[in-house]
> 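Here it is, the structure in full.
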Amino acid sequence: MKKALITGVTGQDGSYLAELLLEKEYEVHGVMRRASTFNTARIEHLYQDPHIEGVRFFLHYGDLADANTIRKLIYNIRPDEIYNLGAQSHVRVSFDIPEYTANITGLGTLRILEAIKDYEHETGAKVKLYQASSSELFGDAPPPQNESTPFSPRSPYGIAKLFSYHTAKNYREAHGIFAVNGILFNHESPRRGETFVTRKITRGIADIVAGKTDKIYLGNLDAKRDWGYAPEYVDAMWRMLQQPEPEDFVIGTGEAHTVREFCEAGFHYAGLGDWQSYISIDHRYFRPTEVDHLLADPRKAKEKLGWEAKVTFKELAKIMVDADLKK
């Protein structure tokens with residue numbers, strides 16, 4: 001039975017990936033940060049008492065700022081695969097807490113790779129690492145963006161992810177570690193954090209329908225993004241680690257839409273007419289340096305991984321609106 005270790009297991013991607021790996025008969029270990037409030041809502045349906053025989057899902061406290069704990073987890077669990085999904089992942093917030101973002105999103109990856117390097121050297125075992133890279137690496141590079149597009153990040157988050165990208169690549173080349181970068185474009189779902197723009201819109205629509213509010217406050221409506229469905233994207237992560245050789249891949253739909261279009265699709269599906277009357281612009285939500293247009297060229301993923309996005313833009317908006325209306 002393969003063992004997988006997932007950092008950021010309590011997040012959107014971590015929860016969907018844990019489900020996928022359990023379906024594939026893995027033993028799954030998730031790393032979660034200690035908090036005084038419950039932060040496990042996305043994975044509660046997976047959790048079982050570890051004393052029960054046959055349990056294959058385990059949670060461990062840890063933090064990407066704590067190299068010693070990361071090292072202990074790798075040495076004790078002895079994973080075949082590690083998926084590093086943990087990060088300070090909110091782009092706008094990274095401008096407010098740049099040092100913390102660099103420490104967790106950037107140096108956290110270095111701490112994992114150093115632990116893998118020492119573990120492989122001391123035990124002779126091999127570990128495969130999936131590093132969650134981001135389309136924010138491309139920044140203001142002209143679209144469409146693929147594996148050969150020069151990076152030009154426009155935020156502390158993008159810069160930290162660029163450090164992680166090159167660190168994974170360097171450890172692959174310098175130390176022979178099976179490390180891949182998944183350069184994923186925006187991927188959404190009902191489990192998306194409520195401060196991310198798509199979820200902010202669909203949750204706001206549900207509140208308007210329920211009569212709880214009459215406004216959603218947003219930033220740049222003209223930003224164009226390549227939006228896909230998160231459960232499909234975690235399958236691409238897994239496929240990358242099943243390849244004979246480690247390579248980096250761009251993952252996206254190959255289609256871009258503005259925030260304005262997401263508003264239109266969501267409000268139209270919910271049966272609300274003049275969507276503009278429900279939207280107000282708050283310049284606090286604009287980034288100091290904007291990223292205008294991110295559009296994936298995912299041909300390599302289709303050719304080598306046999307992966308392509310299936311859920312369309314309008315279907316994604318429908319899925320998310322339905323889920324928030326139900327809530």
Side-chain angles (χ1 to χ4, degrees), residues 10-16 19-20 38-39 41-45 89-93 135 143 184-235 251-287 290-296 298 308-327:
T10 59
Q12 169 189 255
D13 292 5
S15 63
Y16 284 123
E19 288 177 350
L20 177 73
F38 290 114
N39 58 359
R42 296 181 181 95
I43 54 171
E44 281 176 359
H45 63 293
S89 60
H90 199 288
V91 179
R92 177 61 190 84
V93 171
S135 59
L184 272 56
F185 281 63
N186 291 58
H187 45 290
E188 320 295 314
S189 76
R191 298 182 193 175
R192 188 58 143 152
E194 294 178 354
T195 59
F196 289 84
V197 67
T198 51
R199 187 71 199 290
K200 194 173 180 180
I201 292 166
T202 61
R203 184 166 166 256
I205 288 170
D207 284 345
I208 290 167
V209 170
K212 293 181 179 180
T213 188
D214 58 2
K215 286 289 180 186
I216 306 174
Y217 293 90
L218 300 174
N220 182 9
L221 298 184
D222 296 316
K224 296 187 81 170
R225 294 293 184 268
D226 185 327
W227 273 309
Y229 186 42
E232 296 182 339
Y233 284 49
V234 299
D235 177 59
I251 301 296
T253 69
E255 187 179 298
H257 296 271
T258 63
V259 175
R260 187 186 308 276
E261 288 177 273
F262 194 90
C263 289
E264 290 171 351
F267 275 90
H268 180 264
Y269 175 69
L272 297 171
D274 181 18
W275 66 270
Q276 290 99 329
S277 64
Y278 298 106
I279 302 296
S280 287
I281 302 301
D282 187 335
H283 285 273
R284 287 181 296 179
Y285 300 127
F286 282 75
R287 304 177 188 178
E290 284 285 348
V291 172
D292 297 320
H293 192 178
L294 294 175
L295 171 63
E308 60 181 325
K310 299 285 198 303
V311 173
T312 68
F313 175 72
K314 287 187 177 179
E315 288 171 342
L316 174 63
K318 176 182 180 297
I319 289 167
M320 294 180 67
V321 169
D322 277 338
D324 277 321
L325 286 171
K326 186 176 179 181
K327 283 188 177 183

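Along the sequence shown, the residues carry numbers beginning at 1. Only a predicted model underlies this, so the values are computations on that prediction, with no experimental measurement involved.
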> Given Val291 and Arg225, is the side chain to side chain contact (heavy atoms under 4.5 Å, CB included) satisfied, shown in steps?
CA-CA 9 Å; Val291 172; Arg225 294 293 184 268; 3.5 Å; yes

> First locate atom OH of Tyr229, then atom OG1 of Thr312, and finally report the distance between them rounded to the nearest 0.5 Å.
12.0 Å

> Can you name the nearest heavy-atom pair linking Phe267 to Ile279, along with the distance?
CE1-CD1, 4.0 Å

> Answer yes or no: is there a side-chain heavy-atom contact under 4.5 Å between Leu221 and Thr258?
no

> Quick one: does Arg42's side chain have a donor or acceptor within less than 3.5 Å of a partner on Thr10's backbone?
yes

> Return the orientation label for the Phe262 and Phe313 ring planes: parallel under 30°, perpendicular over 60°, tilted otherwise.
perpendicular

> Please round to the nearest 0.5 Å and tell me the distance separating atom CG of Leu294 and atom CG of Asp226.
8.5 Å

> With rounding to the nearest 0.5 angstrom, report the OG to CG distance, Ser135 to Leu295.
10.5 Å

> What's the verdict on side chain to side chain donor-acceptor pair (under 3.5 Å) for Thr198 and Arg192, showing C-alpha distance, side-chain angles and the deciding distance?
CA-CA 8 Å; Thr198 51; Arg192 188 58 143 152; 4.7 Å; no

> For residues Gly266 and Ile205, report the shortest heavy-atom separation together with the two atoms involved.
C-CD1, 3.4 Å

> Has the side chain of Glu232 got a donor or acceptor atom that lies under 3.5 Å from a matching backbone atom of Val311?
yes

> Should the pair Lys318-Asp322 be classified as a salt bridge under the 4.0 Å nitrogen-to-oxygen rule?
yes

> For side chain to side chain contact (heavy atoms under 4.5 Å, CB included), just list the numbers for Asp222 and Arg260, CA-CA rounded to whole Å, side-chain angles, deciding distance to a tenth of an Å, and then say yes or no.
CA-CA 6 Å; Asp222 296 316; Arg260 187 186 308 276; 2.8 Å; yes

> Would you sort out whether Asn186 and Phe196 count as a side chain to side chain contact (heavy atoms under 4.5 Å, CB included), showing the intermediate values?
CA-CA 11 Å; Asn186 291 58; Phe196 289 84; over 6 Å; no

> Quick check: does any side chain N or O of His187 sit under 3.5 Å from a backbone N or O of Phe185, one acting as donor and the other as acceptor?
yes

> Mind running side chain to side chain donor-acceptor pair (under 3.5 Å) on Glu19 and His45 for me, showing each step along the way?
CA-CA 10 Å; Glu19 288 177 350; His45 63 293; 2.5 Å; yes

> To the nearest 0.5 Å, what is the distance between CD (Glu188) and CZ (Arg199)?
11.0 Å

> Which pair of non-hydrogen atoms, one from Ser189 and one from Gln12, has the smallest distance, and what is that distance?
OG-OE1, 2.8 Å

> Mark yes when over 12 heavy atoms from residues, nucleotides or ligands other than His90 sit less than 6.0 Å from its NE2; otherwise mark no.
yes

> Any salt bridge between Asp292 and Lys224, counting N to O under 4.0 Å?
no

> Going from NE2 on His268 to CD on Glu261, what distance comes out if it is rounded to the nearest 0.5 angstrom?
14.0 Å

> Taking atom OG1 of Thr213 and atom OH of Tyr278, what is their separation to the nearest 0.5 Å?
11.0 Å

> On a heavy-atom basis, which atom in Ile201 and which in Ile216 lie closest, and how many Å separate them?
O-CD1, 3.7 Å

> Assess whether side chain to side chain donor-acceptor pair (under 3.5 Å) is satisfied between Thr202 and Asp324, documenting all intermediate values.
CA-CA 6 Å; Thr202 61; Asp324 277 321; 2.7 Å; yes

> I'd like to know if Glu194 pairs up with Lys327 as an ion pair, taking the criterion as any Lys NZ or Arg NE/NH1/NH2 lying under 4.0 Å from an Asp or Glu carboxylate oxygen.
no

> Looking at Tyr217, I want to see if its OH is surrounded by more than 12 non-hydrogen atoms of other residues, nucleotides or ligands under 6.0 Å.
no

> Before you tell me yes or no, could you show the steps for Phe286 and Ile281 under side chain to side chain contact (heavy atoms under 4.5 Å, CB included), namely the whole-Å CA-CA distance, both residues' side-chain angles and the distance that decides it to 0.1 Å?
CA-CA 9 Å; Phe286 282 75; Ile281 302 301; 3.6 Å; yes

